[in-house]
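Written below as structure tokens is the structure these notes are about.
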There are 2 protein chains.
Amino acid sequence: MTGIRALADSLNISIGTVSRALNNKPGVNEETRARVLEMALRTGYVANAAGRNLRKGMTQTIGLMMGTGHGATAGGDNFFMAVTDAMQKAMQTEGVDLVLLPCHSEMDPLDFLRRTLTRGTIDGIILTATKVQDPRIALLRDARMPFMTLGRSATPGDYLWMDLDFESAAGQAVAHLAELGHRRIAVGIPAGDANLSQLYRHGWKRAMTELGLPTGDDLIFAENGSEEGGALVAAQVVKAADRPTAMLMCSEPMISGFYGGLINNGLRPGPDISVIGFRQSPLLRHLAPPISCFDINLDQLGQRMAHAILTLVYEPSAPDPQPEIMPISFIVTASVQPPAKSAAT
Amino acid sequence: MTGIRALADSLNISIGTVSRALNNKPGVNEETRARVLEMALRTGYVANAAGRNLRKGMTQTIGLMMGTGHGATAGGDNFFMAVTDAMQKAMQTEGVDLVLLPCHSEMDPLDFLRRTLTRGTIDGIILTATKVQDPRIALLRDARMPFMTLGRSATPGDYLWMDLDFESAAGQAVAHLAELGHRRIAVGIPAGDANLSQLYRHGWKRAMTELGLPTGDDLIFAENGSEEGGALVAAQVVKAADRPTAMLMCSEPMISGFYGGLINNGLRPGPDISVIGFRQSPLLRHLAPPISCFDINLDQLGQRMAHAILTLVYEPSAPDPQPEIMPISFIVTASVQPPAKSAAT
DNA sequence: CCTAGCGTTGTAAACGTTTACGAAAGTGCG
DNA sequence: CGCACTTTCGTAAACGTTTACAACGCTAGG
């Protein structure tokens, strides 16, 4: 005899009562409930997942789809890992598992999703690396699978997302640079259709326009979101005809490469070109001068995401959780300085 | 009507036959099998996971236990993430999921394991951050849960593990340094009882002893496996009475901190103190001079681990997969140089 | 004293699958 | 024609849980 039946027998009560007691259902004497709980704790009983899943049609697990293609995530792996960690922690206290669903580059993301859905192993799904136009959203909506995205998308329709306010963050950075006297402020983003890059560029453009500063294509650098890409940007910037005096960049590896590229070409980040980065991260700890960047609370982001998807999936009676934009603050360091007076004209 | 029953009815046969046909069981006419398969494909039928799990007592998922305590993993998160990625890829092709089981620092690992086992959500488990004496091994063995570990342990008994040969790698490094003329070769490891650190130290000690070089405690530095820990080691090394001329270190963050600490104290890695690191990683890309370290094929490691745990769990008739030690080669760069001639005596 | 109602518990069906078992039909042989 | 055997298929019982429903004892009100 196993499981709940053994537990019930050891207490000389029926399995129905035991189940009700364990699941905090009403209609069970408080004294017997206490007995059940105590016995469950003592014997280490935990409800078998398969049985419960079958009966309830739910698996108590949330999937997290991650593209495994290199450079697929605009922010670098560290960024992603930190959010995941926080999410897992929050979910575990609610008793739901988080399973990673890696979709490697050779596989069509939509096929991958379809397969995953039909298996019925997850109750909800979190999409990351959201694209500007993201067909995955329509697919999930049609399949009636609860989902949310990390990062907005321009895809029309209502759905749950959570995002960081990089649009206004970029604006803040531009404003600060402008105040210091910068006029030619460039922006560097990973090439591709990641929504994050678009927002960053939009924020830059709007702020620049409002301040009457130039926003020509010669100030927009889109390269591979890797160290190599950053170094490439540096190479272009160095030999630019009318060299920008400041650079906003939104990818950890790119910034690292950009710094190195500048230095290799005899330019000092800060004094020669002001640089503003993406976020503080171990990858950028070593930069000298320390990079001026944005303060993101990834732990909080992960927690809020976990909370949102959990209520969406497991509390259908509760009001639908709403999308959120999380504020970002700007940290000024020595990598931001007034433009050099005697720039080579 | 749903699931396999609907499929059976649409073909006017019984669910038993359908199930046998789908699972490649013998005793079903090839012609009807073909019909079933065709219909399943056409209607997009996939067996419901919960039903199957309940009946078979298996879930087609492997758990990966990771300690979430900061600095819990000796090698740093990057190392871990790379292996995980490779494992997931390999498992997905076999149709089994990999679920991360984060055990945060406040929770007793053994309690955590016990709870996870009784829930019955996983068929097998992979342990990481193996300790020298690791009680988790006995627990899993007693519970008859198939498992393997990433990294050996001194815990007695047979079990499946996979490890990198850091013991001989450290020996190689020592030999190379000795050939260059180094005599006082130090070793820096994360404090704690991670088995990896022990092996690294053993390899160092054995090689040193064989070469007749000193192995006193003043050459062993054990600090927190973080950047701060590395900086701490640097501080101690700098003011050491008989300063070591070379350092072996086995933690990514520590190396980064050690480098910084040396430079802050006016010592040049390479010319003043030879430094040999753990592995190539994005975190160490920026170091100047580039760090001399070991070449590890993490992708291959992950693949072999996935293969091993899958046969252990799902092919009981096959011969048990055997533990493996994967070779490591040594990469020499400018961070390794002959000892400075005129060391301050 | 009867009955309605409440609080508590037991009973049994259901979730969707796999599989042991038996039944039916067909084949070969005495 | 009968028997043993094979091939193929249907039946039904599990797997462990949740939950609708019935049942029981008790109290209170008429």
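A note on names: the letters A, B, ... follow the listed sequences, proteins ahead of strands, and every chain is numbered from 1. Computed from heavy atoms alone, side chains included, the values below leave out hydrogens, waters and symmetry copies. None of these values were measured; they are calculated from a predicted model.
A distance-only check finds no donor-acceptor pair linking the side chain of D111(B) to the backbone of D108(B) [under 3.5 Å].
Nucleotides of DNA chain D nearest to R20(A) and R5(A) differ in position, and the one nearer the 5' end is that of R5(A). Nearest-nucleotide assignment on DNA chain C puts the 5′-proximal partner with I15(A), out of L54(B) and I15(A). Two residues, K56(B) and T32(B), neighbour DNA chain D, and the one matched to the more 5' nucleotide by heavy-atom proximity is T32(B).
Using a 4.0 Å heavy-atom cutoff across all strands shown, I13(B) reaches sugar-phosphate atoms only and no base atom. At the heavy-atom level, N23(A) lies under 4.0 Å from the strands shown only through sugar-phosphate atoms. Residue contacts shown for G3(A) are limited to sugar-phosphate atoms, with no base heavy atom under 4.0 Å away.
For dT9(C), the OP1/OP2 oxygens have no side-chain nitrogen or oxygen of T17(A) closer than 4.0 Å. Listed pair S19(B) / dT19(C) fails the phosphate criterion, with no side-chain N or O lying under 4.0 Å from OP1 or OP2.
In this structure, CG in L127(A) is found 7.0 Å from CD1 in I137(A), a value given to the nearest 0.5 Å. To the nearest 0.5 Å, the span separating CG on D163(A) from CG on L150(A) amounts to 7.0 Å. The OG1 atom of T311(A) lies 10.5 Å from the CD atom of E94(A); values are rounded to the nearest 0.5 Å. Annotation: the span from M87(A) atom CE to R304(A) atom CZ amounts to 14.0 Å, rounded to 0.5 Å.
Annotation: proximity of residues 45-52 of chain B to DNA chain D (heavy atom, distance under 4.0 Å) is found for no residue.
Counting non-hydrogen atoms of other residues, nucleotides and ligands closer than 6.0 Å to CG of D158(A) gives a total of 12 or fewer.
In the model, T59(A) has a side-chain atom that pairs as donor or acceptor with a side-chain atom of D123(A) under 3.5 Å.
At a threshold of 4.0 Å, the pair R33(B)-E30(B) counts as salt-bridged, since one of the basic side-chain nitrogens sits closer than that to a carboxylate oxygen.
A 4.0 Å heavy-atom criterion places the boundary nucleotides of DNA chain D facing chain B at dT8(D) to dG16(D), written 5' to 3'.
To the nearest angstrom, C1' of dG10(C) lies 18 Å from NZ of K25(A).
Side-chain contact between T128(A) and M65(A): absent, with no pair of heavy atoms (C-beta onward) separated by less than 4.5 Å.
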